[in-house]
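Chain letters run A, B, ... following the sequence lines, proteins first and then strands; every chain starts at 1.
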2 protein chains.
Amino acid sequence: MAAAPDDELVETLIGVFMEIDGLFSTTSRGLGLTPQQAQLLCFAQHLQPSFGELATLLHCDKTNITGLVDRLQRRGLLTRQPDPNDRRMTRVHLTPQGEAVTGQFQQAINTTLTTRFSSWPSTQRDSLVHLLQSAATALRP
Amino acid sequence: MAAAPDDELVETLIGVFMEIDGLFSTTSRGLGLTPQQAQLLCFAQHLQPSFGELATLLHCDKTNITGLVDRLQRRGLLTRQPDPNDRRMTRVHLTPQGEAVTGQFQQAINTTLTTRFSSWPSTQRDSLVHLLQSAATALRP
DNA sequence: TAAAATAGTCGACGCTATGGACTATCCATA
DNA sequence: TATGGATAGTCCATAGCGTCGACTATTTTA
């Protein structure tokens, strides 16, 4: 492959991406959720996002959100709440059951991820956190 | 959130993951491919993977690969080749046209990713590469 | 007040993903 | 060497994802 330095950065970034992708898929499936559903629930946990906000957060069309929310609402994990300030908007609120399963998902991700890094010395972990924070802002255009 | 140090690592990892996820989606869509199709083409570029290998690489069931390959074959981007050593297996080979579009995809990812990091000094880039390589192996169970 | 922009919904269409049943092939080992 | 078990791919049915275009209701702006 004879990777140039830049290609090496790209390559490792994608390697980490694919590992986390797999972790997200298997973890959400284990809880009876699709990855998209799990991601939506995580976004709805602290904000009460509107449908349009969910569409931009999930990088998809707004018409997709309708069905996504329908299925999660049918299972009692969230509710539609009208926005008091703008009657065009609908906001998504998690039910207690939705909070529970979202917490389960996050905890599962958290424990597998932290156990994977448990052998790392804290100095190495700190420098990775620091570099990843810069990388995340660099990646946002 | 008052994140503990470990939660901070998880949080930044997921932040980077989601940015790359969005980049993959928009880039593949721009070339008329789904993200799964683009990923399959990338895997088929240097190896000639069997269907089962593709299934594990893409973290999905083998029954899914049949249709995925069907659609890419119908568009002339790859061919099915019987394995000479094991007549149960079918291997996937890219056509020249498939090589071309795969190269376009990779180059698009590559350039946007490297321009995002263009302002980074090379020492910082090197240490990120080094840490990410360790992280990728740590993430593989 | 009329025109333009925004928020969500619906229907049609194709792609993704799984599970179960099926065929063909390979590989033990009796 | 036969036969039983494992493996590789396919097909079907079903559910979910994702987009586009058209539509209604509600703001916003001119």
Side-chain angles (χ1 to χ4, degrees), chain A residues 18 21-22 24-41 43-44 47-75 77-93 101, chain B residues 21-41 43-44 47-75 77-93 101:
Chain A
M18 292 201 304
D21 194 35
F24 266 55
S25 300
T26 58
T27 308
S28 45
R29 279 199 78 73
L31 288 167
L33 299 169
T34 65
Q36 296 84 356
Q37 290 174 338
Q39 231 169 321
L40 191 154
L41 291 173
F43 282 130
L47 4 172
Q48 272 86 47
S50 71
F51 281 52
E53 289 165 347
L54 284 172
T56 61
L57 286 169
L58 295 172
H59 303 291
C60 70
D61 196 273
K62 71 186 159 96
T63 64
N64 194 21
I65 305 293
T66 303
L68 215 43
V69 168
D70 277 348
R71 287 181 284 272
L72 290 168
Q73 189 172 12
R74 200 177 306 144
R75 290 164 59 171
L77 301 182
L78 51 78
T79 60
R80 283 169 156 91
Q81 302 284 348
D83 186 295
N85 300 110
D86 189 335
R87 288 188 306 180
R88 293 172 296 182
M89 286 209 239
T90 310
R91 297 200 168 271
V92 165
H93 291 227
V101 61
Chain B
D21 194 36
L23 177 61
F24 266 54
S25 300
T26 58
T27 308
S28 44
R29 278 199 79 73
L31 287 168
L33 298 170
T34 66
Q36 296 84 354
Q37 290 173 337
Q39 231 170 323
L40 192 153
L41 291 174
F43 282 129
L47 4 171
Q48 273 86 46
S50 71
F51 282 54
E53 289 165 348
L54 284 171
T56 61
L57 287 168
L58 296 171
H59 303 291
C60 71
D61 196 273
K62 71 187 161 97
T63 63
N64 194 21
I65 304 292
T66 302
L68 215 41
V69 168
D70 277 347
R71 287 181 283 274
L72 290 169
Q73 189 172 12
R74 202 176 305 143
R75 288 163 62 171
L77 301 182
L78 51 80
T79 61
R80 283 168 158 93
Q81 301 284 348
D83 186 296
N85 299 111
D86 189 335
R87 288 189 305 181
R88 293 172 298 181
M89 287 208 236
T90 310
R91 299 200 165 272
V92 165
H93 290 226
V101 60

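Separating the CG atom of A:N85 from the C1' atom of D:dT27 is a distance of 12 Å, rounded to the nearest angstrom. As a whole-Å value, the separation of B:D83 CG from D:dT7 P is 17 Å. B:H59 has its NE2 atom 11 Å from the P atom of C:dT18, to the nearest Å. Going from atom CZ of B:R88 over to atom C1' of D:dT10 covers 15 Å, rounded to whole Å. For A:L57 and D:dG18, the CG to P distance is 14 Å, given to the nearest whole Å. Whole-Å rounding puts the B:F51 CZ to D:dA8 P distance at 13 Å. Nucleotide C:dT9 holds its C1' atom 13 Å from the CD atom of A:Q73, rounded to whole Å.
The phosphate of C:dT16 (OP1 or OP2) has a side-chain N or O of B:R71 nearer than 4.0 angstrom. Contact check, A:R75 against D:dA15: no side-chain N or O comes under 4.0 Å of OP1 or OP2. Phosphate proximity of D:dT28 to A:R87: absent, as no side-chain N or O sits under 4.0 Å from OP1 or OP2.
B:R91 comes within contact range of no nucleotide atom at all, as no heavy-atom separation falls under 4.0 Å.
With rounding to the nearest 0.5 Å, the separation of OG1 in B:T56 from CG in B:D61 is 11.5 Å. Considering OG1 of B:T90 and CG of B:L54, their distance stands at 11.0 Å, rounded to 0.5 Å. Atom CG of A:L33 is separated from atom CG of A:L72 by 7.5 Å, given to the nearest 0.5 angstrom.
If you check residues 60-70 of chain A against DNA chain D, the residues with a heavy atom closer than 4.0 Å are A:C60, A:D61, A:T63, A:N64, A:L68, listed by number. Of all the residues in residues 27-38 of chain A, A:T34, A:Q36, A:Q37 reach under 4.0 Å from DNA chain D with at least one non-hydrogen atom.
Taking for each of B:E53 and A:L58 the nucleotide of DNA chain D with the nearest heavy atom, the 5'-most of the two is the partner of B:E53. Heavy-atom nearest nucleotides on DNA chain D were determined for A:R74 and for A:D86, and the one closer to the 5' end corresponds to A:R74.
Across A:P35 and A:S25, no two heavy atoms sit closer than the pair CG-CA, 4.0 Å.
A:L40 has its side chain within reach of A:L78: a pair of non-hydrogen atoms, C-beta onward, lies under 4.5 Å apart. Under the 4.5 Å side-chain criterion, counting only non-hydrogen atoms from C-beta, A:Q37 is in contact with A:R75.
In this structure, the salt bridge (Lys or Arg N to Asp or Glu O under 4.0 Å) partners of A:R88, at least two apart in sequence or on a different chain, are A:D86.
The backbone N or O of B:F24 sits nowhere less than 3.5 Å from a side-chain atom of B:T27 that would complete a donor-acceptor pair.
The side-chain contact (heavy atoms from CB on, under 4.5 Å) with B:F51 is formed by just one residue from the set B:V69, B:T63, B:N64, B:L68; it is B:V69.
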